[in-house]
*Asks:* 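Sending over a structure as structure tokens; questions will come in a sec.
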Protein chains: 2
Amino acid sequence: MANDYSLDRIDRKILRHLQDEARLTNQALASRIALSPSACLARVRRLEALGIIQGYHARLDPFCVDVGLVLFVEITLEGRAPDEQARFEGVLSATPEIVEASHVSGRIDYLLKIVVRNMQHWTELREALVGGDYGVGSVTTHVLMDKPKVFKGYPVAERHADR
Amino acid sequence: MANDYSLDRIDRKILRHLQDEARLTNQALASRIALSPSACLARVRRLEALGIIQGYHARLDPFCVDVGLVLFVEITLEGRAPDEQARFEGVLSATPEIVEASHVSGRIDYLLKIVVRNMQHWTELREALVGGDYGVGSVTTHVLMDKPKVFKGYPVAERHADR
DNA sequence: TGTGAAATCGATCCTTA
DNA sequence: TAAGGATCGATTTCACA
């Protein structure tokens, strides 16, 4: 896992196509990569089973579904012991407004992506996070204004290159 | 646009399901929401045409596809005039390693998600960004260590609530 | 907007190479 | 691993409510 020595050029083409258009039919995918549908399907199933493909998701316009503000929130914890991290990570799962959480090295501990209806909603949620005894030290908020580049997938090279 | 007054409960169910499992067949989706396949398909097409569904993407394990490091990079620009922003945003499109870019308010101007093979790759890319006369003032890097919550979509409520 | 029927097309399995 | 063919299921369109 977490490597790619088993991915040949065909697997990489499959990944590029499905990253871009996850609802392609197996037949359409097969013809784009010049493979028979049966062989193509077997490869897709294998990529799923290996955990290389982890899911398929529709990308929605957040502002169409009750989201008024998207926030990037930097969190530092008061302490970095494993149990303090576990305590904080418990909140992450329990809070639907936190849609993505990354544990990072550097000046901060966590970077969160949070969606709320409006500023009042964020004020309340922020107070719950800070005042909730989860070990949160500081909270720095950035409000998304626009998105010059939307995430649609990772670049997948033709072939593996170590450099 | 950027609102949701036209989404009824059925649309919201469709969005929830497709956000979670984009490769559901139309028939399976229809039976989950207790609608006929033809009516279901018409709704999905409408959601796509309205731009509420913006795409469908396979989610890959980045570390399986040449990514050695995922970085969150905070950028401040030297100036905030529209042409300075445009100059910087030009680099974003031209740089495949930058997989996501958000223009934010607050202490920083942009928050980037960047994928690189290794530290050396990042060193080179960083030097290109700072030294490339794109108006980049400061660059702060956070290295992703782990992801306690992976983005799989936004919470879509049963019904629209203003509060 | 939704349903149901009909025709076409696609997914999937199995056999053979 | 891949291809081809058979079978079964899904998509899509259309007439009607």
Side-chain angles (χ1 to χ4, degrees), chain A residues 1 3-61 64-66 153 156-161, chain B residues 1 3-61 64-66 153 156-161:
Chain A
M1 60 171 92
N3 61 39
D4 55 357
Y5 57 81
S6 58
L7 299 180
D8 62 14
R9 255 145 302 185
I10 300 176
D11 290 325
R12 287 167 177 272
K13 278 193 192 175
I14 290 175
L15 295 176
R16 261 181 265 124
H17 279 103
L18 288 180
Q19 240 189 164
D20 204 55
E21 282 190 79
R23 276 179 75 88
L24 268 186
T25 65
N26 181 56
Q27 250 185 32
L29 177 61
S31 80
R32 274 167 220 218
I33 64 178
L35 202 65
S36 68
S38 52
C40 182
L41 183 65
R43 278 173 179 267
V44 172
R45 295 283 180 259
R46 176 173 155 272
L47 293 167
E48 291 168 352
L50 288 172
I52 295 170
I53 296 176
Q54 304 197 319
Y56 301 96
H57 306 282
R59 176 166 49 88
L60 307 187
D61 179 344
C64 290
V65 289
D66 313 315
V156 177
E158 292 284 325
R159 327 172 36 162
H160 175 55
Chain B
M1 58 170 99
N3 61 38
D4 55 358
Y5 57 79
S6 59
L7 299 181
D8 62 14
R9 254 147 304 185
I10 299 175
D11 289 325
R12 287 167 177 273
K13 278 193 192 175
I14 290 174
L15 294 176
R16 260 181 267 121
H17 278 103
L18 288 180
Q19 244 190 160
D20 205 54
E21 282 189 80
R23 277 179 77 85
L24 268 186
T25 66
N26 181 57
Q27 200 155 93
L29 177 60
S31 81
R32 273 166 221 218
I33 64 179
L35 203 65
S36 67
S38 50
C40 182
L41 184 66
R43 279 173 178 269
V44 172
R45 295 282 180 257
R46 176 174 155 272
L47 293 167
E48 292 169 350
L50 289 172
I52 295 169
I53 296 176
Q54 303 198 319
Y56 301 96
H57 306 281
R59 175 166 49 88
L60 307 187
D61 179 343
C64 290
V65 290
D66 312 316
V156 177
E158 293 285 325
R159 327 173 35 163
H160 175 56

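As the structure is a prediction and not an experimental result, all values here were calculated from the model. Here is the naming used below: chain letters follow the sequence lines, and residue numbers restart at 1 for every chain.
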*Asks:* Look up atom CZ in B:R159 and atom CZ in B:R9, then write down how far apart they are to the nearest 0.5 Å.
*Replies:*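 Between atom CZ of B:R159 and atom CZ of B:R9 there are 4.5 Å.
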*Asks:* Is a side-chain donor or acceptor of B:R32 paired with a backbone partner of B:I14 at a separation under 3.5 angstrom?
*Replies:* no
*Asks:* Which distance, rounded to the nearest 0.5 Å, do you find between the CD of B:Q19 and the CZ of B:R12?
*Replies:*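 It is 11.5 Å, given to the nearest 0.5 Å.
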*Asks:* A:N26 has an atom CG; how far is it from atom P of D:dC8, in whole Å?
*Replies:*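 One finds 19 Å between P of D:dC8 and CG of A:N26, rounded.
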*Asks:* Without swapping roles, check the side chain of A:R23 against the backbone of B:G55 for a donor-acceptor pair under 3.5 Å.
*Replies:* no
*Asks:* Return the value, rounded to whole Å, for the distance between atom CZ of A:R23 and atom C1' of D:dT12.
*Replies:* 13 Å
*Asks:* Of all nucleotides in DNA chain C that come within under 4.0 Å of a heavy atom of chain A, which is furthest toward the 5' end and which toward the 3' end?
*Replies:* C:dG10 to C:dC13
*Asks:* If you pin A:L41 and B:A34 to their nearest nucleotides in DNA chain C, which one's is more 5'?
*Replies:*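 With A:L41 and B:A34 compared, the 5'-side residue is B:A34.
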*Asks:* When all nucleic acid strands are considered with a 4.0 Å heavy-atom cut-off, which category describes B:T25: base, sugar-phosphate, or nothing?
*Replies:*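 Sugar-phosphate, backbone atoms only, no base.
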*Asks:* If you find the nucleotide of DNA chain D closest to B:L24 and the one closest to A:L35, which residue's nucleotide is nearer the 5' end?
*Replies:* A:L35
*Asks:* Would you mind writing out the side-chain donor-acceptor pairs for residues 33-42 of chain B within the sub-3.5 Å range, not counting sequence neighbours?
*Replies:*
| unit_1 | atom_1 | unit_2 | atom_2 | d |
| --- | --- | --- | --- | --- |
| B:S36 | OG | B:A39 | N | 3.4 |

*Asks:* Is A:R45 touching bases, backbone alone, or none of the nucleic acid, heavy atoms closer than 4.0 Å?
*Replies:* sugar-phosphate
*Asks:* In whole Å, I'd like the distance from the CZ atom of B:R43 to the P atom of D:dT11.
*Replies:* 17 Å
*Asks:* Quick one: B:L29 CG to D:dA10 C1', roughly how many Å, whole number?
*Replies:* 13 Å
*Asks:* D:dT12 P sits how many Å from A:Q27 CD, rounded?
*Replies:* 13 Å
*Asks:* Could you point out which residue of A:D11, A:L29, A:L15 forms a side-chain contact (heavy atoms from CB on, under 4.5 Å) with A:V44?
*Replies:* A:L29
